[in-house]
2 protein chains.
Amino acid sequence: MAKRPLPKATVGRLPRYLGYLEGSERTTVSSKQLALGAATTDAIVRRDMLEMGISGTRGVGYDVATLITTFRDELGVEEDRRIVIIGVGHLGTALGNYAGFDASGFHVVGLYDTSPQKIGSEEAGHIIQDLDHLADDLGPNPSDTIAILAVPARAAQGAANAAVAAGITSLLNFAPGVLDLPDEVTVRHVDLSTELQLLAYFS
Amino acid sequence: MAKRPLPKATVGRLPRYLGYLEGSERTTVSSKQLALGAATTDAIVRRDMLEMGISGTRGVGYDVATLITTFRDELGVEEDRRIVIIGVGHLGTALGNYAGFDASGFHVVGLYDTSPQKIGSEEAGHIIQDLDHLADDLGPNPSDTIAILAVPARAAQGAANAAVAAGITSLLNFAPGVLDLPDEVTVRHVDLSTELQLLAYFS
DNA sequence: GGATGTGAATTACTTCACAGCC
DNA sequence: GGCTGTGAAGTAATTCACATCC
């Protein structure tokens, strides 16, 4: 049984399934209920379970504990996923204080900036460090750490370069625009203007 | 020629196309160049143009001005899209100060919170108002306004209810979890933990 | 009755490949 | 040579529908 990779669409729903189940008291859940909790359809839920080889009980539903274990396993949820935040403006500060990270096994280990006025001051429980020191701070396995880019658009490419030079291979970018980076670096992009435009379009 | 609706995937790329073209000096652009600027492929760009009935010049490319006009038109970009931000913590403040909105034709017209300590104080150039007054402030066309929910998870449903009660029909939700709302309300969701989990998975 | 499990059908999206035009 | 325009093929994702089991 060579493990086929999960469809991307299925993977994309796992965090939402997890989020719903972890915040729920129930011990079993039907495809219909899970669909409601994750904003999808019961047919899709059953397809996804099939894809992951999860079986439920007819007339009852799926075992919540099994689902949580399997989803976490598939996603590779680990306890100590480390995050550094690059750019300590309002957004960087907000992210540094965001409580939701820890609940998902991520935690912020450092804030970085290039502005001399900010370096050395404290924010969200961390002393802001010089971005130039990022490589030194990351230790022997820099690719275990995720960098969140919370800098203005014009600084994004430079900040990304610094992160990559320090050995980071996973970036979450809040600045608009496309980054030019080596293929082995994975980037996800959160663009507020894009979201607003699409929201306006679809309403 | 009954105007077929654009494929969702095409619409989803329009903001990125626009973002690239608006920040570019060029007067024509090839599918390859545009693909590079919007993180997609040349074949997809050409497909999207076909879908919108845009023709270019062989050997040259597409006319940038035409593209910008058409994309804006399709997206329904208007000058005075108004935003209110509900929840003035770190994230709400960050969003209130975010400069990128105006560039896309959106602007923040008010900040709302329920905390008596915050109401009345100033942030990002606005006096924070009581969420209970939202309906009064929106004027005759509340559904023209988009609400951004920047509240903790436990407050999200209540804040969403307040927005909907005030006549808002478009929500951008930063809190984790699914909101239970009438069908005529459009919601988009930005979940940081989800993004991080997917980033970790795909790297 | 309630809910899973799954082949089959459908729809959506992407990629290929190449003729046609500048 | 460069690049568009587009049918056709291929791939991915969703939806249907219903037999099966608790």
Side-chain angles (χ1 to χ4, degrees), chain A residues 1-17 20-21 24 26-68 70-71 74 183 198 201-202, chain B residues 1-17 20-21 24 26-68 70-71 74 194 198 201-202:
Chain A
M1 180 172 106
K3 221 178 135 200
R4 251 190 319 120
L6 291 181
K8 283 171 76 168
T10 298
V11 175
R13 284 183 289 266
L14 293 185
R16 299 209 316 267
Y17 291 153
Y20 171 70
L21 293 174
S24 142
R26 53 174 70 253
T27 150
T28 67
V29 66
S30 71
S31 52
K32 202 168 191 173
Q33 290 160 335
L34 184 49
L36 215 57
T40 181
T41 70
D42 55 337
I44 284 187
V45 169
R46 289 201 298 280
R47 244 315 134 207
D48 286 343
M49 299 309 153
L50 182 65
E51 211 69 55
M52 288 182 282
I54 296 175
S55 350
T57 311
R58 289 162 208 248
V60 179
Y62 301 92
D63 177 58
V64 170
T66 306
L67 295 187
I68 291 180
T70 310
F71 296 166
E74 284 292 353
D183 288 346
L198 294 177
Y201 181 87
F202 287 114
Chain B
M1 181 172 104
K3 218 177 131 200
R4 251 191 318 120
L6 290 181
K8 283 171 77 170
T10 298
V11 175
R13 285 184 288 266
L14 294 185
R16 299 209 315 267
Y17 291 153
Y20 171 71
L21 293 174
S24 142
R26 50 172 73 254
T27 151
T28 67
V29 67
S30 70
S31 52
K32 203 168 190 174
Q33 289 160 337
L34 184 49
L36 214 56
T40 181
T41 70
D42 56 337
I44 284 188
V45 169
R46 289 201 297 280
R47 233 340 116 192
D48 285 343
M49 300 309 153
L50 183 65
E51 211 69 54
M52 288 180 283
I54 296 175
S55 349
T57 311
R58 289 160 209 248
V60 180
Y62 302 90
D63 178 59
V64 170
T66 307
L67 294 187
I68 291 179
T70 310
F71 296 166
E74 284 292 352
T194 294
L198 294 178
Y201 181 87
F202 287 115

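First the proteins, then the strands, lettered A, B, ... as listed; each starts at 1.
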### Summary
Heavy-atom closest pair (A:Glu51 atom, A:Pro7 atom, distance to 0.1 Å) is CG-CD, 3.2 Å
#### Entry: Heavy-atom closest contact (B:Val64 atom, B:Arg26 atom, distance)
CG2-O, 3.6 Å
### Message
Quick check on contacts: within residues 36-45 of chain B, what sits under 4.0 Å from DNA chain D by heavy-atom distance?
### Response
none
## Note on the structure
Students should find that the nucleotides of DNA chain D closing off the region near chain B, any atom under 4.0 angstrom from a heavy atom, are D:dG2 to D:dA8
### Message
Side chains of A:Leu50 and A:Arg47, heavy atoms from C-beta outward: is any pair under 4.5 Å?
### Response
yes
### Query
Does a side-chain heavy-atom distance below 4.5 Å link B:Met49 with B:Leu67?
yes
### Message
As a quick check of understanding, evaluate side-chain contact (heavy atoms from CB on, under 4.5 Å) for B:Tyr201 and A:Leu14, giving each step before the final call.
### Response
CA-CA 11 Å; B:Tyr201 181 87; A:Leu14 293 185; 5.9 Å; no
### Interface with DNA chain C, restricted to residues 46-56 of chain A and to heavy atoms under 4.0 Å
A:Arg46, A:Arg47, A:Leu50, A:Ile54, A:Ser55, A:Gly56
### Message
Taking side chain to side chain contact (heavy atoms under 4.5 Å, CB included) as the criterion, tell me which of B:Thr40, B:Leu6, B:Thr10, B:Val11 meets it with B:Asp48.
### Response
B:Thr10
Quick one: side chains of residues 30-37 of chain A, donor-acceptor pairs under 3.5 Å with protein atoms, not counting sequence neighbours, listed by atom name and distance.
| residue | atom | partner | partner atom | Å |
| --- | --- | --- | --- | --- |
| A:Ser30 | OG | A:Lys32 | N | 3.4 |
| A:Ser30 | OG | A:Gln33 | N | 3.1 |
| A:Ser30 | OG | A:Gln33 | OE1 | 3.3 |
| A:Ser31 | OG | A:Arg46 | NH1 | 3.3 |
| A:Gln33 | OE1 | A:Ser30 | N | 2.8 |

### Given DNA chain D, 5'-ward residue of the pair A:Arg13 and B:Arg58, judged by closest heavy atom
B:Arg58
### Task
Describe the nucleic acid contact of B:Lys8 in one word from base, sugar-phosphate, nothing, applying a heavy-atom distance below 4.0 Å.
sugar-phosphate
Indicate every side-chain donor-acceptor pair of residues 52-63 of chain A with a distance under 3.5 Å to a residue at least two apart or in another chain.
| residue | atom | partner | partner atom | Å |
| --- | --- | --- | --- | --- |
| A:Asp63 | OD2 | A:Thr66 | N | 3.1 |
| A:Asp63 | OD2 | A:Thr66 | OG1 | 2.6 |

### Nucleotide interval of DNA chain C bounded by contacts with chain B (heavy-atom cut-off, under 4.0 Å)
C:dC13 to C:dC22
